[in-house]
Amino acid sequence: MWSRQRGRLKPLCCGVEELRCRRREREAALRKARREQQLVSKRLLRDEALEEAEEGCVAMIFGEAEIQQFLRLAQRGTEEKERERALVSLRRGLQRPEMQQTFIRLEGSIRTLVGLLTSNQALLQLEAARCLHELSHSEQSAVVEACLPATSYLLTYLSGHSSDFIELCLYTLGNLIVESEAVRRQLLPQGIVPALAACIQSPHLTVLEALGYALSQLLQAKEAPEKIIPSVLGSTLPQHMLQLLQPGPKLNLGVAVEFAWCLHYIICSQVNNALLITQGALSTLGLLLLDLAGAVQRTEDAGLELLACPVLRCLSNLLTEAAAEAVGGQLQLRDERVVAALFILLQFLLQKQPSLLPEGLWLLNNLTANSPSFCTSLLSLDLIEPLLHLLSVSNVVLTVLCNVAEKGPAYCQRLWPGPLLSSLLDTLAFSDTEVVGQSLELLQLLFLYQPGAAQAFLQQSGLQALQRHEEVAQLQDRVHALQQTALHG
Amino acid sequence: MQLPPALHARLAGAPGSAEPLPVERDPAARTAPFRFAPRPVRFPREHDFFEEGDVQRHLYLQDVLTQVGGAPERPRVPEFTCQVAGCCQVFDALEDYEHHYHTLHRNVCSFCKRAFPSGHLLDTHILEWHDSLFQILAERQDMYQCLVEGCTEKFRTSRDRKEHLVMRHLYPADFRFDKPRKSRGPVMPGAAEQVLAEAPGDDGVPSEVDAMEVCSEHVEPPPAPAGERRAYSHREMNSCPSAALAQLPRIWPERYHLPSVLVRVPHEDLKGPRREISTSNGGSSAALWRCCRAFPPRRRGPRTLARAALHVAGL
């Protein structure tokens, strides 16, 4: 499991309340960005241990002259340590936006930095890479785009062997990628996809997580479905991704989260999901779902919902593919443990992240829609009552119940008697037309397939419940039809 | 939400499921006004349905400040020296050593001792430099492979390859991996790190190599006006370096590529380092790596110290 570290650079005077307030603000900003299709986030890598070891010069602000001095020393210093120190000071300074601006405006600064990046002095390389990384994280496009001359080198280094360095290059590339289409238009012909495909074979978890991050940024781009995903699908990346998502002792949560999101971006773009299915995506994701359900029972680990979300999405979307009907996919997914796992996850989400419940229910709908097998599992595992518990969350619950009921009398029989009727009477009291409409559909199926249902409905003042909606345009016809059926059979 | 107790056991149990109940639909079920039909639903990328999860994902991305090899994984160890013959670099952290090793010693050509950033480039180098069969074949067919992984294009000459890298793959025209710049002169655009002013007052013929040149010994002769260019570079050599270099960006036109004036310099020759003079705007030409490094990667050998002394003296 990966761990979250709060940066030491955050002000310590923040109380819990203030942190919560900030988080709410950030959430609001992200929501707004999402609605405008401008969701962009970057990752910043800072070595806290390193910074602790260095004497603080955080407070100092450097001007042009100091920056030039650092660059000169880094380049021409005779003492190894002196050169490193100069670069370190530069790097610390570059954590500040004003310094970043000053730096990029200095003639030749980037060029020098690239020169240091490509030098044979290992520690200078690392520090130069850290400087670039700080720049890549900036919110100012001018600063980020100043890093462009370095991209061909960063890509070349991905096929090197030094894991720390590669990790840094990858996070830097990930930040650059997300900056603008112009950046991606340069990176694609420079061979970023084959470079990533080669790098994904690294055994280092930190490298893999960084690679997943960079790839997810690439796949999230607006132009990805046309310009990026086809070449990703054509590479060996999908096979490796699926391998890294295989449950088992080697599964690393941080890595899995990144690649699950990568898969989600590919799948929801609907470029060639059939290919992914032939590569075993459905079965891998199904097994991963089972594994996740096991994990949520065992541990209190923060962050499992971050993996659950993309897995649920991928499975749901893949199930809509025609190819999923084929032998390979569906057979594996007839396993009723999938339904068990899903409910365990729903319970987990109810506690941890209720806003993600609709996604879980979406999967349940897609599982049960055309599958007598899964509908039967729902019944035989006694899951109707827990399902009813979620009625207030989403009317997809009603849709799922309809999925079960529409399969005929054998199914409706198992839905009856039970809490279903009283739940339906409750939903009829809602004013939401969607919800009521679904309830009416379900009622009709029950009346049709289950003798005694109409009777029981009448006895529990069902007619009065229906009356409320007699005048509603979308509901009228169905209300009347049901009233007729209830009264006259 | 209470789950049936048997559920957890079921999850841990064997795969499989009960026989599905028989499906028996009545056509009356879907007659108007009722319209329910079971349907798997798919959501496209931009759908609002994904808003919640996406926001959570991004909060995670923004929230986490991860550690580069967190403190417990980065123990300081007692100082030790790199064990590679001839290398005296000292380390007190394993990760630093790992990076050093991979940078300097891992992908090293056993023929000429040059280090490369990756195995791929090393392989290409060995092929183009040290394989005589390559030279023979190159006379008849396209042998110079594009350097971008995944691109299968091959070229007749390294110049053509470079052209391809610039035009097709948007590589900078001066793509190169440098040797450390023990250079004099101020921090000038491109100049400082690209001038290998290893020894002052050097009167060896300067040797520039085309950018992205994997091999310096088999480069085709520079295009005309070679003589003129050579004169230029030679002149640069002899005049005061910093002032001359400061002029460079303005002298050379944007995409001017200096020719590859090849000088074969024996390894240990102090006097014959390569000089590379460049413009600031990517119009320079330089080796992909120091193709003819005057000395192997040696940290504290006597020659290095001697040169350092000369530099410090400002010569």
Side-chain angles (χ1 to χ4, degrees), chain A residues 4-5 7 30-31 34 41 45 47-49 71-72 75 78 108 111 115 118-122 152 156 159-162 164-165 186 189-191 194 198 268-269 306 309 317 319-320 335-337 340 347 350 355 366 369 372-373 376-377 380 382 386 389 402-403 407-408 410 441 444 477-478, chain B residues 1 3-4 7 10-11 15 17-18 20-26 29 33-34 36 38-40 42 45 51-55 58 60-62 64-65 67-68 71 74 95 98-100 102-103 106 117-118 120 148-150 169-172 175 177-181 187 189-190 192-193 308 312:
Chain A
R4 293 191 197 195
Q5 309 270 350
L30 283 171
R31 268 180 225 288
R34 185 20 175 99
S41 292
L45 215 60
D47 188 337
E48 303 212 326
L71 281 172
R72 195 176 303 134
Q75 251 198 332
T78 46
R111 203 168 172 77
T118 56
S119 76
N120 282 342
Q121 310 281 50
S152 52
T156 308
S159 44
H161 300 278
S162 168
D164 272 359
F165 190 60
Q186 173 169 307
Q190 283 182 345
C268 69
S269 303
L306 290 162
C309 175
N317 263 330
L319 283 171
T320 65
D335 187 346
E336 69 183 358
R337 294 180 305 165
Q347 186 188 52
L350 188 59
S355 54
N366 285 8
S373 178
T376 307
S377 306
S380 62
D382 255 328
H389 191 93
C402 286
N403 286 348
K407 300 207 167 26
E441 298 283 347
Q444 187 246 359
D477 295 340
R478 290 183 280 180
Chain B
M1 180 168 115
L3 293 177
L7 199 67
R10 183 63 196 93
L11 181 67
S17 57
L21 295 165
V23 177
E24 239 184 277
R25 292 186 178 101
D26 188 326
F34 297 98
F36 176 78
R39 230 181 49 249
R42 71 163 58 151
R45 298 170 64 96
E51 177 181 309
E52 191 55 50
D54 285 356
V55 166
H58 280 258
Y60 164 68
L61 283 181
Q62 293 181 358
V64 180
L65 287 185
Q67 285 200 351
V68 174
R74 243 187 186 222
E95 287 72 18
E98 182 202 27
H99 185 52
H100 160 88
H102 290 315
T103 306
R106 172 91 182 234
S118 73
H120 170 64
V148 172
E149 293 217 41
H169 294 295
L170 305 186
Y171 267 46
F175 181 75
F177 286 87
D178 249 344
K179 207 195 179 272
R181 43 353 43 204
V187 177
E193 76 270 23
V312 167

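The chains referred to below are lettered A, B, ... by the order of the sequence lines, with proteins before strands, and numbering in each begins at 1.
Interatomic distance, B:E52 CD to A:R34 CZ, rounded to the nearest 0.5 Å: 10.5 Å. Atom CZ of B:R39 is separated from atom OG1 of A:T320 by 11.5 Å, given to the nearest 0.5 angstrom. Rounding to the nearest 0.5 Å places SG of A:C309 at 7.0 Å from CG of B:D54. Rounding to the nearest 0.5 Å gives a distance of 10.5 Å between SG of A:C402 and CZ of B:F34.
The parts of A:A410 that come within reach of chain B are both its backbone and its side chain, each placing non-hydrogen atoms under 4.5 angstrom from that chain. Only the side chain of B:R106 comes within contact range of chain A, with at least one heavy atom under 4.5 Å from a heavy atom of that chain.
Using a 4.5 Å cut-off on side-chain heavy atoms (C-beta onward), A:N403 and B:F36 make contact. Counting heavy atoms from C-beta outward, A:L319 and B:P40 have side chains that stay 4.5 Å or more apart.
The minimum heavy-atom distance linking A:Q190 with B:H169 is given by the pair CG-O, 2.8 Å. Heavy-atom minimum distance, B:P15 versus A:D335: CB-OD2, 3.3 Å. Residues B:V55 and A:L30 come closest through the heavy atom pair O-CD1, 3.7 Å. Across every non-hydrogen atom of A:E336 and B:A18, the tightest pair is OE1-N, 3.8 Å. In plain terms, the two heavy atoms of B:V148 and A:G191 that are nearest each other are CG1-CA, 3.8 Å. Of all heavy-atom pairs between B:S118 and A:G160, the closest is CB-N, 4.1 Å.
Taking chain B as the reference chain and counting heavy-atom pairs below 4.5 Å, the highest number among A:R478, A:H161, A:K407 is found for A:H161. Top candidate by heavy-atom pairs under 4.5 Å with chain B, chosen from A:S41, A:S269, A:S159, is A:S41. When each of B:E149, B:M1, B:E24 is checked for heavy-atom pairs under 4.5 Å with chain A, B:M1 comes out on top. For the options B:P4, B:P38, B:P22, heavy-atom pairs under 4.5 Å to chain A are most numerous at B:P38.
When atom types are taken as modelled, the side chain of A:S373 and the backbone of B:P20 share no donor-acceptor pair closer than 3.5 angstrom.
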